[in-house]
Visitor: 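Below is one structure. I have some questions about it.
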Amino acid sequence: MITTTGLTKVYRSRGREVTALDGVDLHVREGEVYGVIGQSGAGKSSLIRCVNLLEKPTAGTVTVDGVDLTALAGRGQRAGRELREARSRIGMVFQHFNLLSSRTVQDNVELPLEILGKSGRERSRKALELLDLVGLADKAKSYPSQLSGGQKQRVGIARALAGDPKVLLSDEATSALDPETTRSILELLRDLNRQLGLTVLLITHEMDVVKTICDSAALMEHGRIVESGTVDELLATPGSELAAALFPVSGEASGDERTVVDVTFHGEAATQPVISQLSRTYNIDISILGAAMDTVAGRQVGRMRIELPGAFEENVVPIGFLREQGLQVEVAGHDGEAAPRLAESAPQLVKEGVK
Amino acid sequence: MTWSEMQPLLEQACWDTLYMVGWSTLIAVVGGLPLGVLLVLTDRGGLLQNTVVNKVIGQIVNIARSMPFIILMVALMSFTRWITGTTIGVEAAIVPLAIGAIPFFARLVETAVREVDHGLVEAVQAMGGNTWTVVRKVLIPESLPSLISSATTTIVVLIGYSAMAGTVGAGGLGDIAVRYGYQRFETGMMWITVGVLAVVISAIQFAGDLAARSLARRGRGSTVPKLRLLRTPAPAAVEPTKAS
């Protein structure tokens with residue numbers, strides 16, 4: 001639905017060049033919620049602004065719903081008619097809502113329809129319908145300053161949907177909101193994604209956002225996509241920074257001559273008593289350093305960091321047992337050893353940063 | 001001078017002032033608003049970024065503003081004659097007044113429009129709006145309270161300028177204060193004129209402030225009719241705004 005190839009953005013100011021995007025290849029499938037996560041300055045904002053050409057990329061292409069937007073942009077600074085029409089089919093919500101304080105809630109939602117040249121009656125019908133969809137039907141005549149942050153963002157979302165977009169871009173939509181409101185807004189985005197088949201590309205610096213609603217995610221660092229894939233793929237990838245961040249387990253080895261192993265359970269394996277089987281079969285004492293159970297992208301996932309006595313070489317057999325159970329196993333300090341074996345079972349994953 | 005002598009003079013002066021200031025304000029707004037908006041749009045990083053146009057307009061505005069009004073009036077004499085066919089009288093005064101006020105108002109407009117959050121501009125662009133849409137739907141409506149304050153300031157400044165318009169025989173309150181009060185030592189006349197001016201200016205400032213404030217506070221409770229609050233007591237407790 002959204003594809004970028006070799007997207008590069010270089011800002012020039014007073015002779016200095018800052019590369020915000022450095023050859024970003026992104027592929028967002030139709031109907032999914034795709035999260036791009038990264039710290040501030042990683043280039044997330046530039047990326048999402050390049051997708052609807054609010055920022056003109058220095059190089060590379062952006063294709064949304066089969067339309068090559070970069071080709072529509074032309075040479076000049078101003079957006080031509082074709083690009084503006086394409087933009088009207090891409091909804092966008094913002095961190096600071098960007099509602100016009102001089103207009104009522106309803107008039108704010110009508111604004112994109114005014115730009116599309118819809119008649120007055122059609123505009124108000126559509127606006128009220130959308131406000132109903134986001135649960136703010138009773139606030140149509142209020143002004144934005146009378147609303148709470150979460151309500152403002154709902155208006156922002158209603159406004160973004162006014163042009164019946166297939167794609168919704170969310171620029172840190174929940175970053176200015178408290179945790180509870182964040183959850184309700186994310187739920188709304190999730191519902192819209194399911195009900196309307198809306199493809200959502202969101203950027204965020206909050207891992208929780210990715211955990212709650214994303215089907216796929218990408219990690220951005222220094223203008224590059226370091227990791228990307230569906231959340232399942234990421235969790236199944238040894239050494240994935242995103243998976244570790246999505247699902248952190250901590251705990252230090254209690255001494256030398258110990259092997260620390262991270263075990264990730266998902267799907268069927270999560271229900272098996274694997275650790276006690278391991279202990280009984282090989283007659284070893286296992287200590288649990290840390291463990292967590294959580295729902296990621298709607299699925300139960302568990303992660304555990306365990307410690308086996310003895311060095312890695314002595315534990316090759318028990319670790320092999322764990323792998324046979326269909327678990328994903330990472331041995332601390334032996335990633336190089338673990339990765340090739342897992343490569344067969346783990347789905348293909350893009351890891352550009354490693355290359 | 002007795003009151004019966006002063007009264008017709010004052011009355012005529014009031015009308016002259018209102019006439020001159022009214023027309024020149026209108027022209028200043030019509031001319032200064034686009035100029036001010038253009039200054040913002042053509043600036044670096046603006047929607048119509050154009051350094052040459054920006055510098056040229058900026059310089060013209062600066063030069064016009066640095067000229068003392070009385071010099072401007074004399075300098076513009078031939079232009080005034082070309083427009084109005086005369087260089088004396090109220091109509092002749094409107095030309096330099098308007099031309100003096102255009103750059104003044106333009107600078108105020110520039111400041112007001114620059115205050116508009118760029119995020120709003122971006123939002124309208126993301127909806128597919130063009131530059132004209134941005135100006136019409138965002139820049140002007142969102143800066144309207146400041147623009148009204150700017151217009152108020154312009155009117156007050158124009159009333160001050162109009163005192164000098166007396167030198168081209170345009171009359172007006174300021175002119176009476178100078179001619180009767182200062183030059184003929186009619187102290188009473190002078191103080192009455194000053195008093196009238198003070199009242200007029202206060203009234204204009206008050207009206208302008210009121211209009212600007214009621215627009216700026218749109219939806220912040222104060223302008224909501226009390227009746228509605230009485231009828232629906234529950235939602236009257238407006239949630240505190242978090243982000244703004």
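What's counted below: heavy atoms across the whole structure, side chains too, no hydrogens, waters or symmetry copies. Here the structure is a predicted model, which is why all the values come from computation and not from measurement.
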Visitor: So which part of A:Leu100 gets closer than 4.5 Å to some heavy atom of chain B, the side chain, the backbone, both or neither?
Guide: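 For A:Leu100, backbone and side chain are both near chain B.
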
Visitor: Give, for atom CG of B:Asp117 and atom CZ of A:Phe97, the distance between the pair rounded to the nearest 0.5 Å.
Guide: 12.0 Å

Visitor: Could you walk me through whether A:Arg159 and B:Met127 satisfy the side chain to side chain contact (heavy atoms under 4.5 Å, CB included) test, starting with their C-alpha distance in whole Å, then the side-chain angles of each, then the deciding distance to 0.1 Å, before giving a yes or no?
Guide: CA-CA 9 Å; A:Arg159 180 177 70 177; B:Met127 289 170 202; 3.3 Å; yes

Visitor: Measure across A:Ile115 and B:Thr133 and return the closest heavy-atom pair with its distance rounded to 0.1 Å.
Guide: CG1-CG2, 3.6 Å

Visitor: Identify which part of B:Arg136 has an atom lying under 4.5 Å from any heavy atom of chain A, answering side chain, backbone, both or neither.
Guide: neither

Visitor: Rounded to the nearest 0.5 Å, how far apart are CG of B:Leu215 and OG of A:Ser102?
Guide: 9.0 Å

Visitor: Go through the atoms of A:Gln95 and report whether side chain, backbone, both or neither lie under 4.5 Å from a heavy atom of chain B.
Guide: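 Neither part, no heavy atoms under 4.5 Å.
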
Visitor: Just wondering, more than 12 heavy atoms not from B:Phe206 lying within 6.0 Å of its CZ?
Guide: no

Visitor: Which bit of A:Leu53 is near chain B, if near means a heavy-atom gap under 4.5 Å: side chain, backbone, both or neither?
Guide: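 For A:Leu53, neither part sits under 4.5 Å from chain B.
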
Visitor: Counting only heavy atoms closer than 4.5 Å, note whether B:Val121 contacts chain A via side chain, backbone, both or neither.
Guide: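 No part of it gets close to chain A.
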
Visitor: Need one label for B:Asn130: side chain, backbone, both or neither, based on atoms under 4.5 Å from any heavy atom in chain A.
Guide: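 Both parts, backbone and side chain.
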
Visitor: Applying the side-chain contact (heavy atoms from CB on, under 4.5 Å) test to B:Glu122, which of A:Glu55, A:Arg49, A:Met92 qualifies?
Guide: A:Arg49

Visitor: When heavy-atom pairs shorter than 4.5 Å are enumerated against chain B, which of A:Arg89, A:Glu85, A:Arg81, A:Arg87 gives the highest number?
Guide: A:Arg87

Visitor: Just checking A:Gln39: does its CD atom have more than 12 heavy atoms from other residues, nucleotides or ligands closer to it than 6.0 angstrom?
Guide: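 Open: at most 12 neighbouring heavy atoms sit under 6.0 Å from CD of A:Gln39.
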
Visitor: If only atom types and distance count, is the side chain of A:Asn52 paired as donor or acceptor with the main-chain N or O of B:Ala126 below 3.5 Å?
Guide: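 Side chain of A:Asn52 to backbone of B:Ala126: no pair is present.
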
Visitor: Heavy atoms under 4.5 Å from chain A: which residues of residues 137-154 of chain B carry them?
Guide: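 Counting heavy atoms that sit under 4.5 Å from chain A, the residues of residues 137-154 of chain B involved are B:Lys137, B:Val138, B:Pro141, B:Glu142.
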
Visitor: Are there over 12 heavy-atom neighbours, none belonging to A:Glu180, within less than 6.0 Å of that residue's CD?
Guide: no

